[in-house]
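Hydrogens, waters and symmetry mates play no part in the numbers below; they use all other heavy atoms, side chains included. Atoms within a ligand are numbered from 1 in the order they appear, just like the ligands themselves.
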Amino acid sequence: MDKYEIKGGNRLTGEVSISGAKNAALVIIPAAILSDGVCRIDNIPNITDVSSIIHILQDMGAQVRRIDRSAIEIDASTIYTCEAPYELSRHIRGSYYLLGALLGRYRHALVTMPGGCNFGVRPIDQHLKGFAALGAKYSVDGGMVDVRADELVGSSVYLDVVSVGATMNIMLAAVRAKGTTVIENAAKEPHIVDLANFLNSMGADIRGAGTDVIKIYGCDSLRGTTYSIIPDQIEAGTYMVAAAATSGDVLVKNVIPKHLESISAKLEEMGVTVEEYDDAVRVTRTGKLNKCNIKTLPHPGFPTDMQPQITALLSMADGTSIVNESVWDNRFRYVEELKRMGAQISVDGRIAVVEGVDHLNAAPVKATDLRAGAAMLIAALAARGTTQIEEVHHIERGYEDVVEKLRNLGADIRRVPVRETAVPRAI
Ligand code: EPU
């Protein structure tokens, strides 16, 4: 197992190119199951979560051909089972999209309860409510979810909570149902629009994605397609915050600036300059950072997946900031790690009070989950001294070539093997 060693203090400067969106790839790859033809998908991020979902499809019999580092071709017509392999699926959250895709195509899915980052309870009741509205029956037994239907019939589904996963899972099941499905109180994240565009490019008829009412007109078959995934909003936001943390000057390329507006707005409130171009943003910081309050919300609000990174930045701002995490119950576990570096943060439930300090100091820390790991990177890049970050497999689940991209921007970062500590033997 490797760790990252980062000597803080270097200003990040230059250009970084953003990869395809993890959370779009994790749904679009299994969505290829719904097609009767071959789907070519471009701009796939080269990260471990994506490798896992590809392995799952291959294990179930799909033919997946890698065309180059960021493009694959999927022929899912050779799938011979509706049961997802347990060991591979239980580690990634995105495996729950197999439920909607297999149900939509084969009227049956047997998938493990989803894994992913641990931020408290992660229910899937809204997904199941949606499947049931379409006529499916489900049971949860021994950690496996079994969903089946004789036929799927379009229906109205009102989501009790705005859920990205439930919105997309219901879209997957409904696209090959009979008749029309309406999802109300739907999530509006950019990857929901991306999924709708992907399915529409295969011949589906989905309208309203990106608003809170989505209509899906069911169809009998879907053809193959060629599609390119949108850039990753959260990877882009992470480099924007890293530039701000190091008083840097970075052009973040291959982005959709509209998707970054909530992040840009908060950085500007903190005194950072963000210039927008057609498909890039330039982030420059020359002065001090101002305090600022953050409340995470579903899109177009401030994304919960940027909360740890912005909190790391606020820990070095002038004054006291309040961070309110309104999406997840328990997404402040990383704060204990930041405190090792001198951050002054107190957490009460979903609220963190961040008292800015003049600077952070290097310390041995670990990535407690994916975005927590990104927060540690940001803190380490700005801190005095050399920080070691352990458990970086969490970071590599979602950030393509992060060490290389940061080095190209001037960071002093390297991957080093973790030496096993000898455990004394009983005598
Ligand atoms: N919720 C329910 N019932 C459900 C589903 C969700 O109560 O059936 C609640 C959750 O407990 C949570 C809220 O609704 O409080 C939002 O959950 P959502 O379903 O939107 O989250 P998700 O689909 O499980 C995706 C991303 C997460 C990201 C959230 C919110 C994937 C694979 N994961 O999770 O991404 O935090 O949306 O934007 O797409 C990450 O990339 O680091 C990550 C954790």
Which pairs of donor and acceptor atoms, one on a side chain in residues 17-34, lie under 3.5 Å apart (sequence neighbours left out)?
residue: Ser19; atom: OG; partner: Glu400; partner atom: OE1; Å: 3.4
residue: Ser19; atom: OG; partner: Lys405; partner atom: NZ; Å: 2.9

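For the pair Glu275 and Val281, the minimum side-chain heavy-atom distance is 4.5 Å or more.
Close contacts between ligand 1 and Gln126 involve ligand atoms 3 (N), 4 (C), 8 (O) [criterion: under 4.0 Å to a heavy atom]. Short contacts between ligand 1 and Arg122, defined as distances under 4.0 Å to a heavy atom of the residue, involve ligand atoms 24 (O), 34 (O). Below 4.0 Å from some heavy atom of Leu370 lie the following atoms of ligand 1, by number and element: 42 (O). Shown in contact with Gly165 at under 4.0 Å from a heavy atom are these atoms of ligand 1, numbered in order with element: 19 (O), 23 (O). Those atoms of ligand 1 with a heavy atom of Thr304 less than 4.0 angstrom away are 30 (C), 36 (O), 38 (O).
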Stepwise salt bridge (charged side-chain N to carboxylate O under 4.0 Å, His left out) check, Arg340 with Glu337: CA-CA 5 Å; Arg340 292 172 191 270; Glu337 301 298 308; 3.3 Å; yes
Audit row: Lys258, Glu261, salt bridge (charged side-chain N to carboxylate O under 4.0 Å, His left out) steps and yes/no: CA-CA 5 Å; Lys258 177 110 191 105; Glu261 276 173 356; 3.3 Å; yes
Stepwise side-chain hydrogen bond (donor to acceptor under 3.5 Å, both in side chains) check, Gln307 with Thr296: CA-CA 7 Å; Gln307 180 264 100; Thr296 65; over 6 Å; no
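On a distance-only criterion, Val161 and ligand 1 share no N/O pair closer than 3.5 Å. In terms of N/O distances under 3.5 Å, ligand 1 is approached by Arg93. Where the criterion is an N or O separation shorter than 3.5 Å, residue side chain and backbone included, Val164 meets it with respect to ligand 1. Inclusion of Glu189 in the set of residues having an N or O under 3.5 Å from an N or O of ligand 1 is not warranted.
The shortest heavy-atom distance from Pro123 to ligand 1 is under 4.0 Å. Contact between Lys22 and ligand 1 is present, with at least one heavy atom of the residue lying under 4.0 Å from the ligand. The shortest heavy-atom distance from Arg331 to ligand 1 is under 4.0 Å.
Both the backbone and the side chain of Ser163 come within contact range of ligand 1, each with a heavy atom under 4.0 Å. Contact annotation: for Val27 versus ligand 1, there are no heavy atoms closer than 4.0 Å.
Using a 30° and 60° split on the angle between ring planes, Tyr96 and His127 fall in the tilted class, from 30° to 60°.
Among Val327, Leu297, Ile92, the residue whose heavy atom lies nearest to atom 16 (C) of ligand 1 is Val327.
Arg350 forms no cation-pi arrangement with Trp328, by the criterion of a distance under 6.0 Å to the ring centre and an angle within 45° of the ring axis.
Using a cut-off of 4.0 Å between Lys/Arg side-chain N and Asp/Glu carboxylate O, Arg414 and Glu5 are scored as salt-bridged. A salt bridge does not link Asp329 with Arg122: none of the charged nitrogens is closer than 4.0 Å to a carboxylate oxygen. Comment: Arg69 engages Asp401 in a salt bridge, judged by a side-chain N to carboxylate O separation of less than 4.0 angstrom.
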